[in-house]
Engineer: 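Right, I'll just put the structure down here and ask away after.
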Amino acid sequence: MTTQTQAPPRPVRIASALAFVQGLGGIALAGALVIRVIGGATPAGPILGAAGVLVLWFGGALLATVLLFRGHHGARTPVIVTQLLLLGCAWYAYGPSEQQLLGSLGGIYCVVVLVLLFTNEGRKWAMGFDDESEVDKAD
């Protein structure tokens, strides 16, 4: 039995592409941590542990963005959760870490992805509605 997935609307595809770039950035950060350990960073265990967590998290995020771009509804939730977690990271960068520029840019990036995922088109697609009559019944 094969199921056909409806192609996601343009805002969802754009959000997926933006989240894919974030995933690549997370993998690059993990690589930078490993290079730091190779270069002689003293607490190698915690740094490699953090790199491993980043690879798992952003590897899953990359998979979710590819699936979302291809039209799988279930991949929307991991992308949303990743954005919410990264929004918290952006807040931390803005406030306690005193990196206002990086925190602001990261926060804006996450909010843009979330807004694109929650547009009317994206919401209708996520709920599986094909036409306006079904949306009117649900509202």
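A quick note: this is a predicted structure, and the numbers were derived from the prediction, not measured. Basis for what follows: all heavy atoms, side chains included, without hydrogens, waters or symmetry-related copies.
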Engineer: If you draw the axis of the six-membered ring of Phe129, does the NZ or CZ of Arg123 fall within 45° of it and under 6.0 Å from the ring centre?
Structural biologist: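 Pair Arg123/Phe129 does not count as cation-pi.
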
Engineer: What residues, two or more places apart in sequence or in another chain, satisfy side chain to side chain contact (heavy atoms under 4.5 Å, CB included) together with Pro78?
Structural biologist: Ala64

Engineer: Do side-chain atoms of His73 reach the backbone of Trp125 as a donor and acceptor pair under 3.5 angstrom?
Structural biologist: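 Yes; at least one donor-acceptor contact below 3.5 Å.
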
Engineer: Apply the test side chain to side chain contact (heavy atoms under 4.5 Å, CB included) to residues Leu85 and Trp57: give CA-CA distance (whole Å), side-chain angles for both, the deciding distance (0.1 Å), then the verdict.
Structural biologist: CA-CA 11 Å; Leu85 290 170; Trp57 177 19; 3.8 Å; yes

Engineer: Could you give the distance from CZ (Phe118) to CD1 (Ile80), rounded to the nearest 0.5 Å?
Structural biologist: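 Output value for this atom pair is 3.5 Å.
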
Engineer: Which pair of heavy atoms, one from Pro8 and one from Gly71, lies closest together, and at what distance?
Structural biologist: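 Smallest interatomic distance, heavy atoms only, reads CD-CA, 3.6 Å.
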
Engineer: Leu67: which other cluster members, linking ILVMFWY side chains closer than 4.5 Å, directly or transitively?
Structural biologist: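 Leu67 shares its hydrophobic cluster with Leu63.
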
Engineer: In Å, rounded to the nearest 0.5 Å, how long is the span from CG of Leu48 to CG of Leu33?
Structural biologist: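 Spacing of CG (Leu48) from CG (Leu33) equals 8.5 Å.
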
Engineer: Check side chain to side chain contact (heavy atoms under 4.5 Å, CB included) between Val115 and all other residues, then give those that pass, not counting sequence neighbours.
Structural biologist: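 For Val115 the side chain to side chain contact (heavy atoms under 4.5 Å, CB included) partners, ignoring immediate neighbours, are Val111.
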
Engineer: For a 4.5 angstrom cut-off between non-hydrogen side-chain atoms, does Val34 reach Ile47?
Structural biologist: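 Result no, sub-4.5 Å side-chain heavy-atom pair not found.
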
Engineer: Is there any side chain to side chain donor-acceptor pair (under 3.5 Å) pair reaching into residues 58-69, and which pairs are they, with sequence neighbours excluded?
Structural biologist: none

Engineer: Rounded to the nearest 0.5 Å, how far does OG1 of Thr82 lie from CG of Leu114?
Structural biologist: 10.0 Å

Engineer: Taking side chain to side chain contact (heavy atoms under 4.5 Å, CB included) as the test, write out the residues that go with Ala30, two or more places apart.
Structural biologist: Ala51, Leu54, Val55

Engineer: Under a 3.5 Å distance rule, please check whether Arg76 uses its side chain to pair with a backbone N or O of Leu117 as donor and acceptor.
Structural biologist: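 Yes, Arg76 side chain to Leu117 backbone: donor-acceptor pair under 3.5 Å.
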
Engineer: Side-chain heavy atoms under 4.5 Å apart, restricted to Ile/Leu/Val/Met/Phe/Trp/Tyr: what other residues fall into the cluster of Leu105, or is it alone?
Structural biologist: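 Grouped by the 4.5 Å side-chain rule, Leu101 form the rest of the cluster around Leu105.
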
Engineer: Return each pair, listed once, that meets side chain to side chain donor-acceptor pair (under 3.5 Å) where at least one residue sits in residues 83-93; pairs must be two or more places apart or across chains.
Structural biologist: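 For residues 83-93, and leaving out neighbouring residues, the side chain to side chain donor-acceptor pair (under 3.5 Å) pairs sorted by first residue read Gln22-Gln83.
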
Engineer: Does one hydrophobic cluster hold both Val21 and Val66, with members joined at side-chain heavy-atom distances below 4.5 Å?
Structural biologist: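 No: no chain of side-chain contacts under 4.5 Å links Val21 to Val66.
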
Engineer: Between Leu62 and Leu84, is there a shared hydrophobic cluster once you connect ILVMFWY residues whose side-chain heavy atoms come closer than 4.5 Å?
Structural biologist: no

Engineer: In the hydrophobic clustering that connects Ile, Leu, Val, Met, Phe, Trp and Tyr at side-chain heavy-atom distances below 4.5 Å, which members other than Tyr94 occupy its cluster, ordered by chain and number?
Structural biologist: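 The other cluster members (ILVMFWY side chains, heavy atoms under 4.5 Å, direct or chained): none.
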
Engineer: Any sub-3.5 Å donor-acceptor pair from Ser16's side-chain atoms to Val12's backbone N or O?
Structural biologist: no

Engineer: Side chain to side chain contact (heavy atoms under 4.5 Å, CB included) with Ile14: which residues, sequence neighbours excluded?
Structural biologist: Arg10, Leu18, Leu116

Engineer: So how far is it from Arg13 CZ to Glu121 CD, rounded to the nearest 0.5 Å?
Structural biologist: 12.5 Å

Engineer: Is there any side chain to side chain donor-acceptor pair (under 3.5 Å) pair reaching into residues 109-120, and which pairs are they, with sequence neighbours excluded?
Structural biologist: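 Of all non-adjacent pairs touching residues 109-120, none passes side chain to side chain donor-acceptor pair (under 3.5 Å).
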
Engineer: I need the minimum non-hydrogen distance between Cys110 and Leu86, along with the two atoms involved.
Structural biologist: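 Closest approach of Cys110 to Leu86: SG-CB, 3.6 Å.
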
Engineer: Closest approach of Ala90 and Gly107, non-hydrogen atoms and distance?
Structural biologist: CB-N, 3.4 Å

